[in-house]
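Working notes, beginning with the structure itself.
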Amino acid sequence: METTDVTDLYREFGDERLPPGQRETAEFPVLSKSGTPSWDSDTWEFTVTGAVDEELSFSWDEFRDLPSVTQRQDFHCVTGWSKFDCEFTGVPFPELAERAGVHDDAVHVMFSALDDYTTDLPLEDCLRDEVLFAYEFDGEPLPEDHGGPLRVVTPHKYAYKGAKWVDGVEFLTESERGYWERRGYSRTANPWEEERYS
Ligand SMILES: Nc1nc2c(c(=O)[nH]1)N[C@H]1C(S)=C(S)[C@@H](COP(=O)(O)O)O[C@H]1N2
Ligand SMILES: [Mo]
């Protein structure tokens, strides 16, 4: 499959590919608030709910039948490391938003996950082709400790905005806070502005 290089999206935010206060690492550390949850491909279900024309639900096979893309992206963790050139395959956020028919009064999005993690973003920050529901990393199924079977990646934001083990997305007409956002982390999380805490 063809890979689209989106590692130049930093140009929207400045001249430096590496955001301030970050150091590049070749590793891919695992950061999880609790352990890696188990999942079952027979019962796994992904839902799109809230301010939409049609709420959607997908089985694992149905989700895998959605149109997908492969992108080369950078990954910035709020704790200070960045990993360049990660190859993720998955479904772009706008594809799902379009299928559900997002209402005009939706302004915010909440992602939920199998480990009860949540994270939120303004809707406009999600309606980008680089926001992926990813199920492959470097051509292999996404490792379970990195969020397999399915995670969100947000290369324009710190990585806590990308829910691992994601199982739902809810469109909101008022903003709400996710797990780390309630604990003082930034709601917008732009790495080039060093929006780490709020
Ligand atoms: N479901 C879930 N998603 C999560 C987290 C988590 O604890 N649970 N941690 C977040 C944080 S703080 C970071 S930095 C990245 C880490 O992703 P990684 O473990 O693949 O490096 O996942 C984010 N997504
Ligand atoms: Mo993090």
Side-chain angles (χ1 to χ4, degrees), residues 6-7 18-41 43-49 60 63 70-91 93 96 109-122 125-126 128 130-170 176-198:
V6 301
T7 58
L18 189 67
Q22 296 291 107
R23 107 195 122 70
E24 199 189 337
T25 175
E27 313 297 305
F28 195 1
V30 170
L31 275 118
S32 309
K33 71 170 178 65
S34 38
T36 296
S38 58
W39 75 291
D40 179 342
S41 58
T43 54
W44 185 90
E45 188 190 26
F46 178 88
T47 58
V48 182
T49 57
W60 179 240
F63 197 90
T70 299
Q71 294 179 359
R72 188 170 307 118
Q73 305 190 340
D74 295 342
F75 190 99
H76 308 293
C77 175
V78 72
T79 61
W81 54 269
S82 292
K83 182 174 172 58
F84 286 169
D85 298 318
C86 304
E87 207 171 278
F88 289 109
T89 300
V91 180
F93 187 99
L96 282 176
V109 171
M110 185 70 74
F111 298 91
S112 57
L114 294 176
D115 63 343
D116 292 329
Y117 187 80
T118 53
T119 186
D120 68 279
L121 271 176
D125 286 335
C126 296
R128 304 179 49 122
E130 304 90 359
V131 177
L132 298 181
F133 293 90
Y135 46 74
E136 279 181 21
F137 172 70
D138 285 353
E140 301 288 336
L142 182 67
E144 291 201 5
D145 50 359
H146 286 298
L150 188 70
R151 78 170 302 161
V152 179
V153 285
T154 55
H156 59 322
K157 299 291 179 186
Y158 288 121
Y160 66 88
K161 294 296 181 180
K164 305 198 281 187
W165 313 296
V166 66
D167 68 350
V169 48
E170 184 181 6
E176 288 174 25
R177 286 170 197 254
Y179 181 85
W180 284 119
E181 293 83 359
R182 284 197 297 269
R183 290 162 175 79
Y185 280 74
S186 167
R187 320 190 72 184
T188 44
N190 179 339
W192 292 275
E193 299 292 339
E194 278 202 80
E195 295 171 349
R196 296 176 197 268
Y197 310 102
S198 60

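We count ligands from 1, going down the list as the structure has it; atoms in each ligand are counted the same way.
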Check each of Val91, Leu114, Asp167, Val166 against Leu150 using the side-chain contact (heavy atoms from CB on, under 4.5 Å) test, and report the only one that passes. Val166

Protein heavy atom at shortest distance from atom 8 (N) of ligand 1: Asp115 OD2, 2.7 Å

Does even one non-hydrogen atom of Gly147 get within less than 4.0 Å of ligand 1? no

Tell me the contacting part of Tyr179 for ligand 1: side chain, backbone, both, or neither, using a 4.0 Å heavy-atom threshold, strictly below. neither

closest protein heavy atom to atom 7 (O) of ligand 1 is Lys33 N, 2.7 Å

Check: Trp165 N/O within less than 3.5 Å of ligand 1 N/O: no

May I ask you to decide if the ring planes of His76 and Phe84 are parallel, tilted or perpendicular, using 30° and 60° as cut-offs? perpendicular

Glu170 vs Ser112, test: side-chain contact (heavy atoms from CB on, under 4.5 Å). Steps then yes/no. CA-CA 8 Å; Glu170 184 181 6; Ser112 57; over 6 Å; no

Measure Tyr160 to ligand 1 on non-hydrogen atoms and call it side chain, backbone, both or neither using the 4.0 Å cut-off. both

Which ligand 1 atoms, with their elements, are less than 4.0 angstrom from a heavy-atom of Cys77? 14 (S)

Under 4.0 Å between heavy atoms, the region of Pro29 that gets near ligand 1 turns out to be backbone

Take every heavy atom of Trp81, measure it against each atom of ligand 1, and state whether any distance is under 4.0 Å. yes

Any idea which protein heavy atom is nearest atom 19 (O) of ligand 1, and the distance to it? Lys164 NZ, 2.5 Å

Side chains of Thr188 and Glu195, donor plus acceptor under 3.5 Å: yes

Leu31 N/O to ligand 1 N/O under 3.5 Å: yes

Quick one: does NZ or CZ of Arg183 land under 6.0 Å from the six-membered ring centre of Tyr185, within 45 degrees of the ring axis? no

For atom 24 (N) of ligand 1, what's the nearest protein heavy-atom neighbour? Residue, atom name and distance, please. Gly162 O, 2.8 Å

Any atom of ligand 1 sitting under 4.0 Å from a heavy atom of Phe28? yes

Does the N or O separation between Ser32 and ligand 1 drop below 3.5 Å for any pair? no

Does a side chain donor of either Glu87 or Thr70 reach within less than 3.5 Å of an acceptor in the other side chain? no

Atoms in ligand 1 with a heavy atom of Ala113 nearer than 4.0 Å: 1 (N)

Run the contact test for Lys161 against ligand 1 with a 4.0 Å cut-off on heavy atoms, strictly below, and give the result. no

Centre-to-centre under 6.0 Å for Phe137 and Phe28, is that the case here? yes

With a 4.5 Å heavy-atom cut-off, do Gln71 and Phe88 have their side chains touching? no

Less than 4.5 Å apart, side chain to side chain, heavy atoms only: is that true for Thr79 and Leu31? yes

Just say parallel, tilted or perpendicular for the rings of Phe111 and Phe133, cut-offs at 30° and 60°. tilted

Numbering as shown, the atoms of ligand 1 that approach Arg151 to under 4.0 Å (heavy-atom distance): 15 (C), 17 (O), 18 (P), 20 (O), 22 (O)

Cation-pi check for Tyr117 against Lys33: NZ or CZ below 6.0 Å from the six-membered ring centre and within 45 degrees of the axis, yes or no? no

When you compare ligand 1 with Trp180, is there at least one nitrogen or oxygen pair between them that comes in under 3.5 angstrom? no

Please write down residue, atom name and distance for the protein heavy atom closest to atom 10 (C) of ligand 1. Tyr117 OH, 3.6 Å

Looking at side-chain heavy atoms only, is the closest gap between Asp120 and Arg187 below 4.5 Å? yes

